[in-house]
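Down below is the structure, laid out as structure tokens.
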Amino acid sequence: MAQLHPDVLSNLPSTVEVPAYDRTKVSVGIVHLGVGAFHRAHQEVYTDTVLAGGSSEWGICGVDLMGPEVRDKLAPQDFLYTVATQSLKGQSLRVVGAMQEMLVGPEDPEALLARMCDPAVRIVSITATEKGYCHDPASGKLNFDHPGIAADMASPDKPTTVVGYVVTALRRRRDAGTDPFTVMSCDNLFQNGRIARMAVISFAGAMDAKFGRWVSDNVAFPCTMVDRITPTTTPDDTARVNSDLGVTDAWPVVCEPFMQWVIEDNFPTGRPAWEDAGAQIVEDVEPFEYMKLRHLNGSHSALSYLGSLAGYETIAACMEDAAYVKFMRTMMDEEITPTLNMPQGVDVGAYKDSLVERFTNPAIKHRTAQIAMDGSQKLPNRICGPVRERLAEGRSIGHLALVVAAWMRFVTGVDEKGNSFDVADPIAAQLKAIGDAAGNDPAALVKGYLGVSEVFGNDLADAQPFVEAVTGWLASLYAKGAAATIAEKYGV
């Protein structure tokens, strides 16, 4: 088959949506650091719609700071790719053309810095995951001992990290008299704009206090809330997409129909009219963040650990177990929803109903092992935050404690059959050492893991109701297994 390329768009089936604009007239106005599947299924889709509406100044320069794999697959396609939306009704295809070019940081740092310093670039957006900000989630501070940060401090004109590139480009723009770009985090982090701001200003200030103050006074860091389930594209997905396209797309992305983007309106030098594509532009993103972070992401983490322990490979498989569904809904209703303070008119009940429906979609094979990755950086905001609030009010934390116990059982790196597996986490070695020392003793494990301040801070280890609840659940997970523990408590 021919390869996906601008020259073949007119030959695609009429059911395939293609860019409704002249891509040759689009200029780069956004540099995006971290071109993964989520970015291509989310921000680029919104921007593609804006470009189709007649705006030609917001093309995207995609950046990979790890290696050339994505660039090498997409460059022969002129950076076109297919978004395959999977629903119970089947598959719908859309070719997205918002990305105009792609750079690989390690190959040519100067080329990337030059693009970031282009006055036409007014937004630098980021999807780098929690790890990309090189911060300590528990303290909320930049980790200057991080190898990447240390290297970038030593050689600021040869950056390797997201933070290093942003700071160096801002410094060069300041020195050249060019207006700073807006730094927009699109990562699945609570108050992601504030985290980006903290990291960039901390790094800039450590280099030069005067420059740090300039960044603080002149650079905008809007918060955003992003939502679209985007599992890893499998070879079967690619084959199915290419069969329906009639051409070869080297790297399509697969996602669910649902898509949401809530954006703080803080762009001093302009932004695309993303609201025309369905984004919500608001003064305060925080209430929406809490709703999504705690309901969707918290439930995702809960199901990923409890599902992995039970041998459920996908979230949809977990949702085939009625007890798991009841657990998820009970946790949301009783211990998460009461922590929210939503604006008038937001239907939280409908949102929770939609999550059950979305998680149940068997066409979206979102693997529990993928969601379980990097739990030490996800748990503090998704689960520990509401735990603290509930404890402060003297309210129950039993369902949330089960999630923590499941995480502890999971990060020992030994499954319920006694088989070892690799835990994908920035502090995996530390977690394994604690697990090996404690053995299968629930009390010893809880004591050891609650001492990990990166996850639990310095307070939860002394919260006796929480300690007792986690220890009880962990004992049950060891004695009965995850599926039986859930069935006993939430069986229907």
Is it the case that the side chain of [X] and the backbone of [Y] share a donor-acceptor pair, with hydrogens and angles ignored and the cut-off at 3.5 Å?
{"X": "Glu264", "Y": "Cys223", "value": "yes"}
{"X": "Tyr305", "Y": "Ala372", "value": "yes"}
{"X": "Tyr46", "Y": "Ala279", "value": "no"}
{"X": "Asp136", "Y": "Asn143", "value": "no"}
{"X": "Glu44", "Y": "Ala98", "value": "no"}
{"X": "Thr49", "Y": "Val45", "value": "yes"}
{"X": "Glu454", "Y": "Ser376", "value": "no"}
{"X": "His42", "Y": "Gln260", "value": "yes"}
{"X": "Thr127", "Y": "Gly36", "value": "no"}
{"X": "Asp152", "Y": "Thr161", "value": "yes"}

### Task
Please test Asn188 against Lys378 for side chain to side chain donor-acceptor pair (under 3.5 Å), starting from the C-alpha separation and ending with a verdict.
CA-CA 9 Å; Asn188 186 27; Lys378 295 174 180 177; over 6 Å; no
### Pair Tyr133 + Phe203: ring centers closer than 6.0 Å
no
### Message
Using the ring centroid of each side chain, check whether His300 and Phe359 are separated by less than 6.0 Å.
### Response
yes
### Task
Verify side chain to side chain contact (heavy atoms under 4.5 Å, CB included) between Phe421 and Asp415, making sure each step is shown before the conclusion.
CA-CA 7 Å; Phe421 62 91; Asp415 67 20; 4.2 Å; yes
### Message
Going by the rule salt bridge (charged side-chain N to carboxylate O under 4.0 Å, His left out), which residues pair with Asp64 if we only count those two or more places apart in sequence or in a different chain?
### Response
none
Any donor-acceptor pair under 3.5 Å linking the side-chain atoms of [Y] with those of [X]?
{"X": "Asp333", "Y": "Thr330", "value": "no"}
{"X": "His295", "Y": "Thr337", "value": "yes"}
{"X": "Thr182", "Y": "Arg271", "value": "no"}
{"X": "Gln43", "Y": "Ser125", "value": "yes"}

[X], [atom1]: over 12 other non-hydrogen atoms inside 6.0 angstrom:
{"X": "Asn458", "atom1": "CG", "result": "no"}
{"X": "Lys326", "atom1": "NZ", "result": "yes"}
{"X": "Met66", "atom1": "CE", "result": "no"}

### Message
Pair Met225, Gln280 - check side chain to side chain contact (heavy atoms under 4.5 Å, CB included), show working.
### Response
CA-CA 10 Å; Met225 190 213 79; Gln280 298 167 262; over 6 Å; no
Minimum heavy-atom separation for [X] and [Y], please, with both atom names.
{"X": "Ala206", "Y": "Met153", "result": "CB-CE, 3.7 Å"}
{"X": "Thr269", "Y": "Pro180", "result": "CG2-O, 4.0 Å"}
{"X": "Asn266", "Y": "Ala220", "result": "O-CB, 3.5 Å"}

### Message
In terms of relative ring orientation, are Phe466 and Phe456 parallel, tilted or perpendicular, with 30° and 60° separating the classes?
### Response
tilted
Quick one: are [X] and [Y] in side-chain contact, heavy atoms under 4.5 Å?
{"X": "Arg390", "Y": "Pro338", "answer": "yes"}
{"X": "Tyr351", "Y": "Met332", "answer": "no"}
{"X": "Pro272", "Y": "Ile123", "answer": "yes"}
{"X": "Leu431", "Y": "Phe410", "answer": "no"}
{"X": "Arg171", "Y": "Thr168", "answer": "yes"}
{"X": "Val50", "Y": "Trp274", "answer": "yes"}
{"X": "Arg367", "Y": "Glu313", "answer": "no"}
{"X": "Trp251", "Y": "Thr238", "answer": "no"}

Straight-line distance of [X] [atom1] to [Y] [atom2], nearest 0.5 Å:
{"X": "Arg388", "Y": "Thr339", "atom1": "CZ", "atom2": "OG1", "answer": "13.5 Å"}
{"X": "Leu400", "Y": "Glu389", "atom1": "CG", "atom2": "CD", "answer": "10.5 Å"}
{"X": "Ile126", "Y": "Leu65", "atom1": "CD1", "atom2": "CG", "answer": "9.5 Å"}
{"X": "Met373", "Y": "Ser304", "atom1": "CE", "atom2": "OG", "answer": "11.5 Å"}
{"X": "Ile263", "Y": "Glu275", "atom1": "CD1", "atom2": "CD", "answer": "8.0 Å"}
{"X": "Asp145", "Y": "Cys134", "atom1": "CG", "atom2": "SG", "answer": "11.5 Å"}

Between [Y] and [X], is there a salt bridge with N-O shorter than 4.0 Å?
{"X": "Asp353", "Y": "Arg329", "result": "yes"}
{"X": "Arg94", "Y": "Asp48", "result": "yes"}
{"X": "Asp236", "Y": "Lys365", "result": "no"}

### Message
With side chain to side chain contact (heavy atoms under 4.5 Å, CB included) as the criterion, how do Glu283 and Asp265 come out once you've worked through the C-alpha distance, each side chain's angles and the decisive distance to 0.1 Å?
### Response
CA-CA 6 Å; Glu283 290 185 8; Asp265 197 5; over 6 Å; no
### Message
Tell me which one of Thr368, Leu402, Asp321, Thr485 satisfies side chain to side chain contact (heavy atoms under 4.5 Å, CB included) with Leu306.
### Response
Leu402
### Geometric cation-pi criterion, Arg228 with Phe38: 6.0 Å, 45°
no
N/O donor-acceptor pairs under 3.5 Å from side chains in residues 189-202, not counting sequence neighbours:
| residue | atom | partner | partner atom | Å |
| --- | --- | --- | --- | --- |
| Gln191 | OE1 | Arg194 | NE | 2.6 |
| Gln191 | OE1 | Arg194 | NH1 | 3.2 |
| Gln191 | OE1 | Arg194 | NH2 | 3.4 |
| Gln191 | NE2 | Glu289 | OE1 | 2.4 |
| Asn192 | OD1 | Thr224 | N | 3.0 |
| Asn192 | ND2 | Ser185 | O | 3.2 |
| Asn192 | ND2 | Asp187 | O | 3.0 |
| Asn192 | ND2 | Thr224 | O | 3.0 |
| Asn192 | ND2 | Thr224 | OG1 | 3.1 |
| Arg197 | NH2 | Ser216 | O | 3.2 |
| Arg197 | NH2 | Ser216 | OG | 3.0 |
| Ser202 | OG | Met198 | O | 2.7 |

### Message
Set out, in order, the CA-CA distance, both residues' side-chain angles and the distance that settles side chain to side chain contact (heavy atoms under 4.5 Å, CB included) for Leu33 and Val166, then state yes or no.
### Response
CA-CA 10 Å; Leu33 305 177; Val166 169; 4.0 Å; yes
Going by atom type alone, with no hydrogens or angles, which donor-acceptor pairs under 3.5 Å involve a side-chain atom of residues 83-90 and a protein atom two or more places apart or on another chain?
| residue | atom | partner | partner atom | Å |
| --- | --- | --- | --- | --- |
| Gln86 | NE2 | Gln91 | OE1 | 2.8 |
| Ser87 | OG | Lys89 | N | 3.2 |
| Ser87 | OG | Gly90 | O | 3.4 |

